[in-house]
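Inspection log for the structure reproduced underneath, given as structure tokens.
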Amino acid sequence: MEYLEIKGGRALSGTVRISGAKNAALPMLAATLLAGGSFEIHQVPDLQDVRTFLQLLKELGVEIERTRDSTLVIDSSKLDSFEAPYDLVRRMRASVLVLSPLVARLGRARVSLPGGCAIGARPIDFHLKGLELMGAKLEIREGFVEARAKRLKGAHIYFDIPSVTGTENLMMAACLAKGNTVLENAAKEPEVVALGKMLQDMGAKIKGLGTDTIVVQGTTDLRPVSCTIIPDRIEAGTYLMAAGAAGGELVIENCVPEHLETVIIKLKAAGLKIKVIDADKLKVKRRGRLRSVDIKTQPYPGFPTDLQAQIMVLMATAGRLSVITETIFENRFMHVAELKRLGADIRVEGRSAIVKGVKHLYGAPVMATDLRASASLVLAGLAAKGTTVVQGLEHLDRGYEKMDEKLLSVGARIRRIGDN
Ligand code: UD1
């Protein structure tokens, strides 16, 4: 198995280029199922999760060609299957994003139920209830959900909690439904807006993107488009924090500073110097020890749960006491035990982690348990004295494009070692 060996304590310097956002790429790839024809999608990140999703599309009959490094031509004219098998859904929950497009276009979908995952139960009941309200007949059998509808119809749908993929699934369903759909308490994440804009370009009539009420007027007529995936705000946030963990100065290019507002406010409060130096560039600098700040994860525009593990690393060596509260997923503190192996002083009480800053972390072998936890362990390795070995890279590679190469290019002492 491959692993990363990181020799910590080296300040970073240089420029990191951010890739297209995984969480925008997946729903936008799913949206190609809604209209037959040839789509061109630019800035698609080369990640394991994207490869898994492309494999799923291929199994559904979609043709895919990579023309340039990060451009895909996707032809969904020959879509001929309505089944998402267990093996692919098990590997990546976001596979459930094919559910609505398949019902909407083919009148039928059979999608394996995802089951639990490392960070919590993560049900898909909102997706299913929404489709039922839109007139789909649902049946759960043999671990699959089967949905059928001659034509979906518009409905008034309220999310008890704003759900990112739930909003994306139902927004796609609504585009081809008969009549109007209102999604209340919808997710406002930039990735939801990016999908909505792609659907608008395809001919969908959508209002209220980026607010908590999205209104979709259904149509029968969607067409293929050419579009570009937005930069990954979680990757950008992770590199801001890499500079915070290792020290030094980084330029983060190809990012959208506006998508990182809350994160930047918190990092500045912790003592990082962050400046917008261009519409798509940030400069970050750390001098001296960081200050402790409290963090509470919230739906966008709040502090993202996908950066909670990474900021915990910064707080692990900050001046005083920080309380980090996770409100989105119930079991998202798996990294705590690993950070403690490096000497962090962290106590979990219910949904909060109480982090008492120590002077130094010290390198040790650690094991990644999920995607964002694995990034936090890499940052911890950069901060720690001595050598850290991070195992479980299959998690990191699901969502970070060439993280070790990017860090190496800005001066980190990091090596991928293993049998591949
Ligand atoms: C998406 C992101 C993930 C991020 C998360 C929260 C993608 C591919 N993944 O995941 O990286 O961490 O948003 O920002 O975009 N819930 C239900 N029932 C449902 C759906 C959700 O109870 O049917 C709950 C979840 O358990 C969770 C909360 O709603 O507590 C928000 O989850 P949701 O926004 O749906 O997360 P994902 O879309 O799975």
Side-chain angles (χ1 to χ4, degrees), residues 20-31 45 47-50 52-53 56 88-89 91-100 111 113-133 138 140 145 147 157-173 183 185-196 212 229-230 232-235 237-238 259 262-263 296-311 325-335 351 370-376 395-396 398-400:
K22 168 178 90 72
N23 287 353
L26 301 177
M28 288 167 75
L29 290 172
L47 300 168
Q48 191 50 49
D49 270 9
V50 169
T52 304
F53 207 87
L56 173 56
L88 291 172
V89 181
R91 274 195 264 158
M92 190 186 58
R93 302 175 44 80
S95 306
V96 77
L97 283 165
V98 300
L99 178 62
S100 285
V111 174
L113 287 168
C117 77
I119 62 173
R122 299 185 81 176
I124 55 161
D125 52 324
F126 301 160
H127 307 231
L128 303 185
K129 278 185 200 141
L131 278 177
E132 252 176 346
L133 283 170
L138 297 190
I140 310 269
V145 54
I157 295 163
Y158 174 79
F159 290 93
D160 289 329
I161 311 169
S163 161
V164 174
T165 48
T167 303
E168 291 165 349
N169 235 336
L170 298 181
M171 183 163 70
M172 288 191 279
L183 302 175
N185 203 21
K188 297 184 281 216
E189 269 67 2
E191 296 76 19
V192 176
V193 176
L195 170 67
D212 47 24
I229 310 280
I230 57 169
D232 194 316
R233 66 194 164 96
I234 303 301
E235 191 195 12
T238 301
H259 293 169
T262 314
V263 175
K296 191 174 191 177
T297 63
Q298 307 251 261
Y300 190 84
F303 191 92
T305 173
D306 284 354
L307 286 171
Q308 178 257 106
Q310 298 89 316
I311 201 156
T325 306
E326 172 60 55
T327 75
I328 312 287
F329 295 114
E330 68 273 19
N331 193 24
R332 212 174 196 178
F333 284 137
M334 310 264 281
H335 42 284
R351 292 208 147 195
D370 65 70
L371 167 55
R372 304 304 170 185
S374 62
S376 80
H395 296 291
L396 189 74
R398 282 186 47 203
Y400 285 91

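The basis for the numbers below is simple: all heavy atoms, side chains too, and nothing from hydrogens, waters or symmetry mates. Just follow the structure's listing: the first ligand is 1, and inside any ligand the first atom is 1.
- At a heavy-atom cutoff of 4.0 Å, ligand 1 is contacted by the side chain of Arg332 but not by its backbone.
- Heavy atoms of Gly166 stay at 4.0 angstrom or farther from ligand 1.
- Taking distance alone, with nitrogen or oxygen atoms compared against 3.5 Å, Ala94 stays at or beyond that limit from ligand 1.
- For ligand 1, the polar-atom distance check against Lys22 finds no nitrogen or oxygen pair separated by under 3.5 Å.
- Side chains of Thr165 and Phe126 form no contact here, defined as non-hydrogen atoms less than 4.5 Å apart.
- His127 counts as a contact of ligand 1, since one of its heavy atoms falls under 4.0 Å from the ligand.
- Where the criterion is an N or O separation shorter than 3.5 Å, residue side chain and backbone included, Asp306 meets it with respect to ligand 1.
- Under the side chain to side chain contact (heavy atoms under 4.5 Å, CB included) rule, Thr297 has a single partner from Thr305, Thr325, Leu307, Ile311, which is Thr305.
- Taking distance alone, with nitrogen or oxygen atoms compared against 3.5 Å, Leu26 stays at or beyond that limit from ligand 1.
- Put simply, the residue from Arg372, Gln308, Gln310 that forms a side chain to side chain donor-acceptor pair (under 3.5 Å) with His335 is Gln308.
- Checked against a 3.5 angstrom limit, the closest N/O atoms of Ile328 and ligand 1 fall inside it.
- The pair Arg233-Glu191 meets the salt-bridge criterion, with a side-chain N (NZ, NE, NH1 or NH2) lying under 4.0 Å from an Asp/Glu carboxylate O.
- For Asp125, the salt bridge (Lys or Arg N to Asp or Glu O under 4.0 Å) test picks out Lys129, with sequence neighbours left out.
- An N or O contact shorter than 3.5 Å links Ser163 to ligand 1 by distance.
- Contact check on Asp49 versus Arg93 returns no salt bridge, with no Lys/Arg side-chain nitrogen under 4.0 Å from an Asp/Glu carboxylate oxygen.
- Every side-chain contact (heavy atoms from CB on, under 4.5 Å) that Leu88 has, sequence neighbours left out, goes to Thr52, Gln55, Leu56, Glu59, Pro85, Arg91.
- Listed by atom number, the atoms of ligand 1 under 4.0 Å from Thr305 heavy atoms are 6 (C), 12 (O), 14 (O).
- Checked by distance only, ligand 1 and Asp125 come closer than 3.5 Å through their nitrogen or oxygen atoms.
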Item to check | Chi angles and distances behind the side-chain contact (heavy atoms from CB on, under 4.5 Å) call for Glu189, Asn23 | outcome: CA-CA 10 Å; Glu189 269 67 2; Asn23 287 353; over 6 Å; no
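- The proximity of Thr165 to ligand 1, defined as any non-hydrogen pair under 4.0 Å, involves the side chain as well as the backbone.
- Tested against Arg332 for a side chain to side chain donor-acceptor pair (under 3.5 Å), the candidates Asp370, Thr327, Asp306 yield a single pass: Asp306.
- Each of Ile328, Asn185, Val192, Asp212 was checked for a side chain to side chain contact (heavy atoms under 4.5 Å, CB included) with Pro162, and the lone residue meeting it is Asn185.
- In this structure, of Phe159, Phe53, Tyr300, Phe126, the residue bringing a heavy atom nearest to atom 17 (C) of ligand 1 is Phe126.
- The option with the heavy atom closest to atom 13 (O) of ligand 1, from among Leu97, Asn23, Val164, is Val164.
- With a 4.0 Å cut-off on non-hydrogen atoms, Phe329 touches ligand 1 through its side chain and not its backbone.
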